[in-house]
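One structure below.
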Amino acid sequence: MGAGISGLATAQAILARDPAAEVMIFESGNRAGGKVETESVPEGYLCEWGVNAFLDKSPRTLELCAEVGLSPLRGDESAKKRYVYSEGELHKLPEKPPQFLKSRLLSWPGRLRVVGEVFTGPGGKDDETLAEFGTRHLGREAFEKLIDPMASGVFAGDATRMSLKSCFPRIHEVESQYGSLIRGLIKLQKEARRSGKKDTPGPGPGGMLTSFAGGMSELTDTLAGQLGQRLRLATAVAGVSFEQGRYGLHLAAGSTEEFDSVVLAAPAHAQAPMLQGLSDAIAGQIGAIPYPALAVVCLGFDRERMGPGLDGFGFLIPSREKRDILGTVVDSNVFPNRAPAGKVLLRTMVGGARQPQLADLPDEELLDRVLANLKDIMGLAADPEFVSIYRHQKAIPQYLVGHAERLRVIDAELQKFPGLVLTGNAFRGVSLNDCVLNAMKTARSLLPDSATEGSPA
Ligand SMILES: Cc1cc2nc3c(=O)[nH]c(=O)nc-3n(C[C@H](O)[C@H](O)[C@H](O)COP(=O)(O)OP(=O)(O)OC[C@H]3O[C@@H](n4cnc5c(N)ncnc54)[C@H](O)[C@@H]3O)c2cc1C
């Protein structure tokens, strides 16, 4: 249920394991894709209203592309260059430790405090906020200027409430294993070099931004196309029941269909009402996952007239700057085909966990505020030739402190319902890569190897 990337990739993975499986996918909207939605506008721009790209470091998404015959499009190498806006200036984010020491983003005491990270280790809490973790390891200044914008960039979140271990489990693992992140990174880099890996782990996200020539919808449209009649659009699910080992899916239109297994891949806020009655405990847990509003503002400019412009991926803004925007991606630098020749496409995010009300501003005021910020920050000198605004009333699920405990309660309760899987980006990773990885795990859990090989379980 739900034809976003989670539902589509799950259906694909089930059929890849067992082509004879009878799969049906119900989607309440008139199109498949969910938060993946590309629009090609008459002015020649390719606008992404949700997912912009994925990082090619996850082999599963690339495998999925190969399986359905899609050729991914790697972003421009220059997109590795990212900026942070701080104290009136854009600072290039250091990619390597020597650059870090030269960067003026942090004061000298701030830089020395970061170096002192080698003497830090885990705190006493099992589940702590990103702010507590970042301040303990890197000091307050580095937390505010480096970690806090990362919370905005990935989750549009509030670092003082987000759970480090649920949002960034890899960082949590490095801390648990090595104590200090710097010591851990040095050891991991040595191991990677010893085993001849090309990409050694670094402080950045790692991997290249990747999409498709026709934008991200190419992936979800292709998956939807291959499902054919198995995908039922404009068919909302209202509830789920469980009787004598079979699940009933109650459609909003009134009928009920029966299945052996049910995978719920709608957003958590949509899954919660469906589960009321079946498991009020799960419904209560997942209904409490917050999804703050986010507006995506796409602006097209003439390159000659727009002013100095910006190279690289774009910039993020620490919340201490108290700006109206979270950051801006220069989409046409990353994927040049997203704007016509001589034009530039900017994509600015507004709202998120700290200022959700800004995502609801009327169009004119929202645009005025975005343009005023871009003038200040990147010296914008002209009005846009193209404007389009897209609003996600419920955008990205927030993994707050207590999220891991929430998952534990849900998993324990799910023991009562064999064949019922809750998936989607609300649980174990918000990125598209995480959704695809979880889809493969779901398929494996429903059709374990012994089942696909036809031997008794
Ligand atoms: C603005 C924005 C930008 C993002 N950018 C990136 C990015 O660049 N890279 C990245 O990796 N991730 C990004 N993400 C995160 C990304 O959205 C998710 O990882 C992923 O797309 C979520 O997919 P999903 O299938 O889990 O959920 P969704 O895409 O939300 O799909 C859920 C589907 O369920 C359907 N549904 C809801 N209710 C019902 C019902 N009652 N019955 C049937 N169907 C129902 C919905 O209509 C929808 O189609 C971004 C998110 C947002 C909001």
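Just so you know, these numbers come straight off a predicted model, no measurement behind them. One-based numbering, in listed order, for ligands and for the atoms of each. Numbering of residues begins at 1 and proceeds along the displayed sequence.
At a heavy-atom cutoff of 4.0 Å, ligand 1 is contacted by no atom of Thr423, backbone or side chain. At a 4.0 Å heavy-atom cut-off, ligand 1 touches Ala270 through the side chain alone. With a heavy-atom cut-off of 4.0 Å, Ser6 touches ligand 1 through backbone and side chain alike. At a heavy-atom distance under 4.0 Å, no atom of Ala252 approaches ligand 1. Proximity of Ala53 to ligand 1, defined as any heavy-atom pair under 4.0 Å, is confined to the backbone N, CA, C and O atoms.
Scanning Ile396, Leu209, Val51 for the heavy atom closest to atom 5 (N) of ligand 1 points to Val51. Looking at Val237, Val329, Val436, it is Val237 that brings a heavy atom closest to atom 41 (N) of ligand 1.
Rounding to the nearest 0.5 Å places CZ of Phe54 at 4.5 Å from SG of Cys65.
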Return a table of donor-acceptor pairs under 3.5 angstrom between the side chains of residues 273-294 and protein atoms on other chains or two or more places apart.
from   : atom 1 : to     : atom 2 : distance (Å)
Ser279 : OG     : Ile282 : N      : 3.0
Ser279 : OG     : Glu413 : OE2    : 3.1
Asp280 : OD1    : Gly277 : N      : 2.7
Gln285 : OE1    : Arg406 : NH1    : 3.3
Tyr291 : OH     : Ala268 : N      : 2.9

Extract all donor-acceptor atom pairs below 3.5 Å that involve side chains of residues 344-351 and protein atoms in other chains or at least two apart in sequence.
from   : atom 1 : to     : atom 2 : distance (Å)
Arg347 : NE     : Glu48  : O      : 2.8
Arg347 : NH2    : Glu48  : O      : 3.1
Arg347 : NH2    : Gly50  : O      : 2.3
Thr348 : OG1    : Thr328 : OG1    : 2.8

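A ring-centre distance under 6.0 Å is found for Phe155 and Tyr399.
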Stepwise salt bridge (Lys or Arg N to Asp or Glu O under 4.0 Å) check, Lys165 with Asp127
CA-CA 7 Å; Lys165 79 171 182 185; Asp127 195 355; 5.1 Å; no
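For ligand 1 and Gly424, the ligand atoms under 4.0 Å from any heavy atom of the residue are 26 (O). Each of the atoms 42 (N) of ligand 1 lies under 4.0 Å from some heavy atom of Ala236. Within ligand 1, the atoms closer than 4.0 Å to a non-hydrogen atom of Ala265 are 32 (C), numbered from 1 in the order shown. Atoms of ligand 1 lying under 4.0 Å from at least one heavy atom of His392, given by number and element, are 1 (C).
Salt bridge status for Asp411 with Arg428: present, with a side-chain N to carboxylate O gap under 4.0 Å. Salt bridge Arg391/Asp363: present, at least one basic N to carboxylate O contact under 4.0 Å. Glu43 has no carboxylate O lying under 4.0 Å from a charged side-chain N of Lys343, or vice versa, which leaves the two without a salt bridge. Salt bridge absent: Glu243 and Arg246 never bring a charged side-chain N and a carboxylate O closer than 4.0 Å.
In this structure, Phe54 does not count as a contact residue of ligand 1, since none of its heavy atoms falls inside 4.0 Å of the ligand. At least one heavy atom of Met274 sits less than 4.0 Å from an atom of ligand 1.
The nearest protein atom to atom 34 (O) of ligand 1, hydrogens excluded, is given as Gly2 CA, 3.3 Å; this is a heavy-atom distance. When only non-hydrogen protein atoms are considered, atom 44 (N) of ligand 1 lies nearest to Ser28 N, 3.1 Å. Of all protein heavy atoms, the one lying nearest to atom 11 (O) of ligand 1 is Leu432 N, 2.7 Å. The nearest heavy-atom contact from the protein to atom 17 (O) of ligand 1 is Lys35 CB, 3.2 Å. Scanning the protein for heavy atoms near atom 3 (C) of ligand 1, the closest one is Gly50 O, 3.2 Å. Among all protein heavy atoms, the one lying closest to atom 23 (O) of ligand 1 is Ile5 CG2, 3.5 Å. Among all protein heavy atoms, the one lying closest to atom 49 (O) of ligand 1 is Glu27 OE1, 2.6 Å. Shortest contact from atom 18 (C) of ligand 1 to any protein heavy atom: Val430 O, 3.2 Å.
Contact check for Thr129 versus Thr160: no side-chain heavy atoms found under the 4.5 Å cut-off.
What you find for Ser103 and Leu105 is that their closest heavy atoms are OG-N, 3.0 Å.
In this structure, Phe242 and Tyr247 have parallel ring planes: the angle between them is below the 30° cut-off, well short of the 60° mark.
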